[in-house]
Asks: 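Pasting a structure below so you can have a look.
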Amino acid sequence: MKYVDEYRNEADIQAFVSAIGKRVTKPWTLMEICGGQTHTLIKSGFDRMLPESITLVHGPGCPVCVTPLEQIDRALAIAARPEVIFTSFGDMLRVPGSTTDLLSVKAKGGDVRMVYSPLDAVKLAQKHPQRQVVFFAVGFETTAPANAMAVWQAAKLGLDNFSVLVSHVLVPPAMEALLGAPDNQVQGFLAAGHVCTVMGYQDYFAIAERHRVPIVVTGFEPLDLAHGIHMTVDMLEAGRVGVENQYTRAVTPEGNVPAQRLLKEVFVVCDRAWRGIGVIPMSGYALAPAYASYDAETRFDVGGITAVESPLCIAGEIMRGLKRPHHCSAFGTACTPERPLGAPMVSSEGACAAYYQYKRTA
Amino acid sequence: MCLGVPGRVTKVEENALGMTMGKVDFGGITKEVCLAYVPGVQLGDYVIVHVGFAISRVSEAEAMEVFRTLKEMGELGELDIAQPE
């Protein structure tokens, strides 16, 4: 496949790895904040290939993992209602709430359906006018334009049986929160490529300046990651602070302007709680007033929800890069992909799932 | 879900709402994709697709850059191993 295969060439990847080895003179801690990148890094064995002095930690790059437990419980309560067709992307289906998950709700008779695109949920609403179709709009900025278009389309069609349960989170405020934390260890950042495809990377210059870190916008294929890490190490060794773009084939400084335009119409920025981290100001999206009638949270009164986290799960510390999955006492024993205690073990983008799948036990 | 896959545009058309929709070929598998966010996209262009939406075109010129960088690094002796010819 074009633009995929050529970025998986072993020799080229090794070329960057060896260049990094020659360049590095001090220990450095790098963070990436995208679950897709986490998986590629572990699957390709970068944690084993790179010099020992480079530590890779993983940020809260899994929107499913940072969706607050209350929101998951809310989704489960809505999905259990007989009039509802509850739709979501695949990786939400087994994320554990306080007591159950979407797949179990489905097994008990709930109409829970996986969709490939949010527009499929709108189609379902058109096809089933007697049912309430709810779409679980989870994601970073990468997914927000798609979700915005679904809401926009539903409004244009005048659908009264379509709504979205919003759990959108934004990356730059999270990076600020992480870098500003007193226990921050991160010295260099790989910025999430497709988030920047949508939003551009102008926002990152202030963050780089304020916290004196290099930030490199990086793609997702193994060669992109090798290249991005090389660029970051180069900046660190040279004492250079600022933002550079490794993923130039899909990212421009200003990003995707038509997408940003619709985001501004359909969403407003709001404070959001990140599971395991707490509230980060101005770090999420809510529906704009003109589209508020499509909010599933207000359409469905699901009563008081008291969420109960597993006492063993250390997802919060993992997502802040303070610990890694194999440091968790429940990793691989009480917590596995089949019986997960927390979201990072079950989401396809979760750090714990990556470590488990690629057998990182130490 | 930030994973986006590059594919080749094989169809472009407007739907009843005036939204540009189309088909994208991913190495043999064709899927319906919303092209509203890549205005001016042409048949044969490559796009990055995420949850059924094209979020960017792929720049062929920029895609080649990394291979130029590797070649330069090889020539400058920054690499331990020989580059394949």
Side-chain angles (χ1 to χ4, degrees), chain A residues 1-4 6-7 9 11-12 14-16 18-19 21-23 34-37 39 61 63-64 89 91 115-120 138-140 142-143 145-147 149 153 156-157 192-195 197-198 220 223-224 227 230 246-252 255-256 258-259 262 348-349, chain B residues 1-8 15-21 25-29 31-41 46-74 76-85:
Chain A
M1 273 179 59
K2 195 167 149 82
Y3 297 125
V4 171
E6 57 269 54
Y7 294 93
N9 177 286
D12 288 340
Q14 281 310 317
F16 275 123
S18 93
K22 285 177 110 177
R23 188 80 178 90
C34 171
Q37 290 174 338
H39 270 248
V64 167
F89 299 128
D91 52 0
V115 291
Y116 151 69
S117 156
L119 298 183
D120 296 338
V138 174
F140 283 119
T142 320
T143 318
N147 295 339
M149 186 67 81
Q153 195 181 45
K156 269 276 181 297
L157 293 167
H194 290 143
V195 168
T197 297
V198 173
F220 300 83
L223 190 61
D224 293 318
H227 188 193
H230 180 254
Q246 178 279 329
Y247 196 31
T248 54
R249 66 186 184 278
V251 177
T252 58
N256 185 319
L262 199 68
S348 60
E349 301 198 305
Chain B
M1 280 214 57
C2 283
L3 286 178
V5 189
R8 188 172 49 91
N15 73 3
L17 286 178
M19 271 168 60
T20 310
M21 299 292 295
D25 172 28
F26 302 95
I29 299 170
K31 289 193 118 120
E32 186 179 323
V33 171
C34 178
L35 301 171
Y37 293 130
V38 284
V41 72
Y46 276 79
V47 289
I48 302 281
V49 177
H50 173 71
V51 300
F53 281 73
I55 55 174
S56 165
R57 275 195 207 58
V58 182
S59 161
E60 166 80 33
E62 293 296 343
M64 290 293 107
E65 277 303 299
V66 65
F67 302 105
R68 224 174 40 88
T69 301
L70 280 164
K71 190 157 181 285
E72 269 169 25
M73 278 164 57
L76 289 170
E78 280 176 37
L79 310 174
D80 277 330
I81 60 175
Q83 279 292 284
E85 290 308 301

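Throughout, protein chains are lettered first and strands after them, A, B, ... in sequence-line order, and every chain is numbered starting at 1.
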Asks: Do you know which two heavy atoms are closest between A:Thr142 and B:Ile55, and how far apart they sit?
Replies: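 Heavy atoms of A:Thr142 and B:Ile55 come nearest at CG2-CD1, 4.0 Å.
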Asks: Would a 4.5 Å heavy-atom cut-off, applied to side chains only, mark B:Ile29 and A:Met1 as touching?
Replies: no
Asks: Is there a side-chain contact between B:Val51 and A:Tyr116 (heavy atoms, below 4.5 Å)?
Replies: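 With C-beta onward as the side chain, the pair stays apart.
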Asks: Are the side chains of A:Glu6 and B:Phe67 in contact, using a 4.5 Å heavy-atom criterion?
Replies: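 Touching, per the 4.5 Å side-chain cut-off.
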Asks: If the condition is side-chain hydrogen bond (donor to acceptor under 3.5 Å, both in side chains), which residues does A:Lys156 pass it with, not counting sequence neighbours?
Replies: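 Counting only residues at least two positions away or on another chain, A:Lys156 forms no side-chain hydrogen bond (donor to acceptor under 3.5 Å, both in side chains).
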Asks: What is the distance from atom OG1 of A:Thr197 to atom CZ of B:Arg57, rounded to the nearest 0.5 Å?
Replies: 13.5 Å
Asks: Going through the checks in order, is the side chain to side chain contact (heavy atoms under 4.5 Å, CB included) test met by B:Met19 and A:Met149?
Replies: CA-CA 10 Å; B:Met19 271 168 60; A:Met149 186 67 81; 4.0 Å; yes
Asks: Could you report the tightest heavy-atom contact between B:Ser56 and A:Ala250, atom names first, then the distance?
Replies: OG-O, 3.5 Å
Asks: Quick check: do B:Tyr37 and A:Val198 have side-chain heavy atoms less than 4.5 Å from each other?
Replies: no
Asks: Against chain B, label A:Gln37 side chain, backbone, both or neither, depending on which of its atoms sit under 4.5 Å from a heavy atom there.
Replies: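 Neither part.
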Asks: Among the options A:Ala146, A:Gly35, A:Pro258, pick out the one with the most heavy-atom pairs lying under 4.5 Å from chain B.
Replies: A:Ala146
Asks: Could you check if a side-chain atom of B:Cys34 sits within less than 4.5 angstrom of a side-chain atom of A:Ser117, using non-hydrogen atoms only?
Replies: no
Asks: Find out whether A:Tyr3 and B:Ile48 are in side-chain contact, i.e. whether some heavy atom of one side chain is under 4.5 Å from a heavy atom of the other.
Replies: no
Asks: Which bit of B:Asn15 comes within less than 4.5 Å of chain A, counting heavy atoms only: side chain, backbone, both or neither?
Replies: side chain
Asks: Most heavy-atom pairs under 4.5 angstrom with chain A, which of B:Gly28, B:Gly27, B:Ala63?
Replies: B:Ala63
Asks: Closest heavy-atom contact between B:Leu17 and A:Gln153?
Replies: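 In this case the closest contact between B:Leu17 and A:Gln153 is CD1-CG, 3.3 Å.
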Asks: Need one label for B:Arg8: side chain, backbone, both or neither, based on atoms under 4.5 Å from any heavy atom in chain A.
Replies: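 For B:Arg8, no heavy atom lies under 4.5 Å from chain A.
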Asks: Identify, with sequence neighbours excluded, every residue that meets side chain to side chain contact (heavy atoms under 4.5 Å, CB included) alongside B:Ala54.
Replies: B:Val33, B:Leu35, B:Val38, B:Val47
Asks: Taking the side chain as every heavy atom from C-beta outward, state whether B:Phe53 and A:Pro145 have any pair of such atoms under 4.5 Å apart.
Replies: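 Side chain of B:Phe53 against side chain of A:Pro145, heavy atoms only: no contact under 4.5 Å found.
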Asks: Side chains of A:Phe16 and B:Met73, heavy atoms from C-beta outward: is any pair under 4.5 Å?
Replies: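 Result yes, sub-4.5 Å side-chain heavy-atom pair found.
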Asks: Measure the NE2-CG distance between A:His227 and B:Leu70 for me, rounded to the nearest 0.5 Å.
Replies: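 So the gap between those two atoms works out to 7.5 Å.
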